[in-house]
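See below for the structure under consideration.
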Number of protein chains: 2
Amino acid sequence: MAAAEIPFILLNDAGNAPPVYRQIYEAVRTSILKGELKQGIRLPSSRDLARRLGLARITIVNAYDQLLAEGYLEGRSGSGTYVAARLPEELLETRPPVVRKTEKRAVKPAVGLSSYGNRLRASAAELTQFRQPSRAAAFQNGVTAIEEFPFDTWAKLTQKVIYRSARRGLGYGEAAGLRELREAIAAHLASARGVRCSVEQVIVTNGAQQGLDLTGRILLEQNDKVLIEDPCYAGARVALASTGARLIRVPVDSEGFNPDAVGKQSAGARLVYVTPSHQYPLGVTMSLNRRLGLLDWAERSRAWIIEDDYNSEFRYAGRPLSSLQGLDSQNRVIYLGTFSKTIFPALRLACLVVPPDLVEVFTAARALTDYHSPHIEQAVLADFIAEGHFARHIRRMRALYEKRQAFLIEAARQKLNGLIDIEKADAGMHLVGRLPETIPDVSVAASAAEQNLLVAPLSSYAAPRTKLNGLILGYTGFNEKQIARGVDKLAKVLGGFS
Amino acid sequence: MAAAEIPFILLNDAGNAPPVYRQIYEAVRTSILKGELKQGIRLPSSRDLARRLGLARITIVNAYDQLLAEGYLEGRSGSGTYVAARLPEELLETRPPVVRKTEKRAVKPAVGLSSYGNRLRASAAELTQFRQPSRAAAFQNGVTAIEEFPFDTWAKLTQKVIYRSARRGLGYGEAAGLRELREAIAAHLASARGVRCSVEQVIVTNGAQQGLDLTGRILLEQNDKVLIEDPCYAGARVALASTGARLIRVPVDSEGFNPDAVGKQSAGARLVYVTPSHQYPLGVTMSLNRRLGLLDWAERSRAWIIEDDYNSEFRYAGRPLSSLQGLDSQNRVIYLGTFSKTIFPALRLACLVVPPDLVEVFTAARALTDYHSPHIEQAVLADFIAEGHFARHIRRMRALYEKRQAFLIEAARQKLNGLIDIEKADAGMHLVGRLPETIPDVSVAASAAEQNLLVAPLSSYAAPRTKLNGLILGYTGFNEKQIARGVDKLAKVLGGFS
């Protein structure tokens, strides 16, 4: 049987285009869903298609692997690859048939979406992946050692707050957040992160994601230029992209982000997104020189800077640099902190510190979008910080996470030697393991997922030209037994590739 | 001393323009803040200005009263009205001076906002008013009888949920909301409101405000036409206006909303916002004929409908009509329910029920904007509903609120007879008191506020041509003693006007 003709694929090599393997993945997936590539048909081999498109074979393999992992294709690259007989949209179908009393068939509504709605619809596949609920399997990143959380204290504080709040009415509260919580946050950020602000500049948000979304929405117009790190945290990238802004990836080096790395492309940028304390996902700390240079550049360019300080609390070595916000004398920095890493993600509390001139518009936007965060959770967190439990918990977790990291490194040294190159990290909640070029991270991640082992491919955070190839290994949410078991599984998976 | 010249005021009489008194208020306020009208200067009398502008004197009085109430003007209309010597912006200044270590003075950032940001900035005065935290004073509307809430049950369920959740990890959850809660909501809405949907169509939001904001953002483009009720709930109006859409006010009559009431102006509308169960604030129930007509119109026009079913749980008389959503065979209706009125506003939980074709884009938007609502509160609410506490609480509150309404009506009959015309309401949490034309509601509200009596002026919800003049009296959050005291105060305030 002859292989199917893959329909014409227009590849986009602009700086802000998705990785090429991703573009191929999307094109093939779309053709399958449109019915252009029929179920059961055989695809050209990765070698043939690579030749035809003038690409490295590995790029095609990555795209096919992703499609295989998601169930759009069946079979193995060696013995032929086929469009799956049963497509995942059918398998994943969650919408039951709409039963109507009237006899009229439900008509598909006209598209009728805004440009924002249409952008979301167009990137639905990526967004589905982005919004996966977290799973308890190693090495899921960003998961806290929840079994060590002082739930007794939390429960006791919650009881107190419920009865105290009952007397206060529990009506609508302040849009910017509960005053006590904002005071506790301002004091904590001043001492721990050198953030300099008044309580009025602190705005409580539903997680860092809301801070990113509000910032993008308030500051960015469609087609505005935004500089992001390459590689970059996905939650920030998708939120900023949803505004219709053009994202330009700026390669990060050993000193961190530098707008000059993309030459003239940085000109006219309205906003920069950076993670100076601990670059996500590479872990680089932005040097002081670079920080001062960035602030200077931002002032000259009249650009805003988002400083995402997502897990600066966990530093195991070296002197922590204080925040970029603390160095900013020009009110250019929008600081973003979160309690997802220090308390737990399901709390959905984080904070923005915005320049004085933006306080009013951010507060108005917060009120318009959802009024404010829930009162009880805010009040419990305020008490948790004020009574010293927060600082104590961070101290304990810092020690625990340091041990867990060391354990993972030692286990990897024993079991993964030669297969993956893992470097110690001075801070944060994950390690980066670099893979040899011959073993594509996307394929490893797909194979690992079949074993319920969660390793995010480093390349998925970066532009293809950046040539990153490795795995993100979160270690904070797993005890030594779980880490050891995860390393064993990973050894088996990686063994299959060499 | 001669009166100041009021700078040229351009009045806008388009259907979607703010009320004329509001335009005058804005113009005068802006002139004061710009320094065109200097502090201490005398303004022309309301009579003179009315003559010059060709308006009814009452319009100018209303504008002046608002400016007096907010502290921009001083003195009384009779003895001369002056620009205040000390302006409220100074009085209300909440931003402390920014202290910087570096010697450089903080430079005011370039405006650098998106069109959304600029729209918010332009309507900052209105938004500040809109996002006032609720106060415990009579007759604040939308406040629950919080002293009757079963806090013991809530606290007990919260304890259980905290310990149960601790074992489940408390990582990131499902963007559309906790499955158990969505199931509980779907079942409740099916039986109580005739809403027909699958669990997948239910999306948990942070209050109805987030539902409104998401809907506007996903469906509306700048300059799209939106039909809203006249008068209209402010939270919906400001959220929809923030998208840059053109809002067209459609007068509500005794059968409720009817798109034909504005003739050809309704053509091409993309979205309609209605409150069919209990029009806010007038309290009209939309007739079945009108409901069918609206659905038919929406299908022909390919327009979406937001059905805000904000307090349908509290119906005291008459057979409740089931939801518009339940009649919709064309998947045109986006249903909005809230727990702010049945539990308490500070909970920040509500729900959307969206047509199947919109599930994916709404869920993606929810994930991008703030991932999901807090886990613990969602789980507690799910248990509260599933264990029957919710239904029991609603039954108790319905009986209580009915009594409170009757008490307010009787007290008003005794003390406010002839001053205000209050009609019994079949449903909801507030009464509307109509005022004679000679007593402008804005002035009454301002005088009442000085006595810590909160009555919202009916005219502030409507276009000026609608000529509504009355007060919104919320009664659910106050016991009989508080209601009686509130009525006494209102009698005094109204007495001062006759």
Side-chain angles (χ1 to χ4, degrees), chain A residues 94-96 100 102 104 106 109-110 114 116-117 120-121 124 127 131 133-134 136 143 146 151 155 158-159 162 166 169-175 198 200 206-207 209-210 213 217-218 220-221 239 242 302 329-331 344-346 348 356-357 360-361 364-365 367-371 374-375 377, chain B residues 94-96 98 100 102 104 106-107 109-110 114 116-117 120-121 127 131 133-134 136 143 146 151 155 158-159 162 166 169-175 198 200 206-207 209-210 213 217-218 220-221 239 242 302 329 331 344-346 348 356-357 360-361 364-365 367-371 374-375 377:
Chain A
T94 47
R95 304 171 198 158
R100 296 290 172 195
T102 52
K104 285 194 246 172
S114 66
Y116 172 80
L120 262 52
R121 203 166 221 198
L127 291 177
R131 63 182 158 86
S134 31
V143 181
I146 196 72
F151 278 106
T158 304
Q159 292 290 25
I162 288 178
L170 290 167
Y172 294 97
E174 267 201 79
S198 67
E200 280 66 31
N206 297 327
Q209 194 64 31
Q210 189 178 38
D213 183 60
R217 198 169 175 191
I218 291 169
L220 295 177
E221 203 63 38
S242 77
R302 312 198 129 221
S329 60
Q330 303 298 319
N331 287 326
F344 42 76
R348 310 309 306 127
D357 280 305
E360 187 174 271
V361 67
L368 270 187
T369 51
D370 66 349
Y371 269 119
H375 174 85
E377 306 226 318
Chain B
T94 47
R95 302 173 200 155
V98 180
R100 294 290 173 195
T102 52
K104 284 194 246 174
V107 174
S114 67
Y116 172 80
L120 263 50
R121 202 168 222 199
L127 291 176
R131 61 181 159 88
S134 30
V143 180
I146 195 72
F151 278 106
T158 304
Q159 292 289 24
I162 288 178
L170 291 168
Y172 293 98
E174 267 200 80
S198 67
E200 281 65 31
N206 298 327
Q209 194 64 31
Q210 189 177 39
D213 183 59
R217 199 170 175 189
I218 291 169
L220 295 178
E221 203 63 39
S242 77
R302 313 199 128 221
S329 60
N331 287 326
F344 42 75
R348 311 308 307 127
D357 279 305
E360 186 174 90
V361 68
L368 270 187
T369 50
D370 66 349
Y371 269 118
H375 173 86
E377 306 225 319

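First the proteins, then the strands, lettered A, B, ... as listed; each starts at 1. In this text, all values refer to a predicted model and were calculated from it rather than measured experimentally.
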Can you check side-chain contact (heavy atoms from CB on, under 4.5 Å) on B:F151 and A:Q159, steps first, answer last? CA-CA 10 Å; B:F151 278 106; A:Q159 292 290 25; over 6 Å; no

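Here the shortest heavy-atom pairing between A:V361 and B:R121 reads CG2-N, 4.4 Å. B:A367 and A:Q209 make their closest contact through O-CG, 3.6 Å (heavy atoms, listed as atom of the first residue, atom of the second, distance). In plain terms, the two heavy atoms of B:G171 and A:P345 that are nearest each other are C-CB, 3.7 Å. When every heavy atom of B:D370 is checked against every heavy atom of A:R348, the shortest pair comes out as O-NH2, 3.3 Å. Minimum interatomic distance between B:L220 and A:S114 (heavy atoms only, all atoms of both residues): O-CB, 3.2 Å. Here the closest heavy-atom approach between residue A:F344 and residue B:L170 is recorded as CB-O, 3.5 Å.
Contact of B:V143 with chain A is not made at all, since no heavy-atom distance falls under 4.5 Å. Looking at B:A166, both its backbone and its side chain come within 4.5 Å of chain A, counting heavy atoms on both sides.
Heavy-atom pairs under 4.5 Å with chain A were tallied for B:G117, B:G173, B:P374; the largest tally goes to B:P374.
With contacts defined as side-chain heavy-atom distances shorter than 4.5 Å, the pair A:T369/B:T369 does not qualify.
Atom CZ in B:R217 sits 8.0 Å away from atom CG in A:L120 (nearest 0.5 Å).
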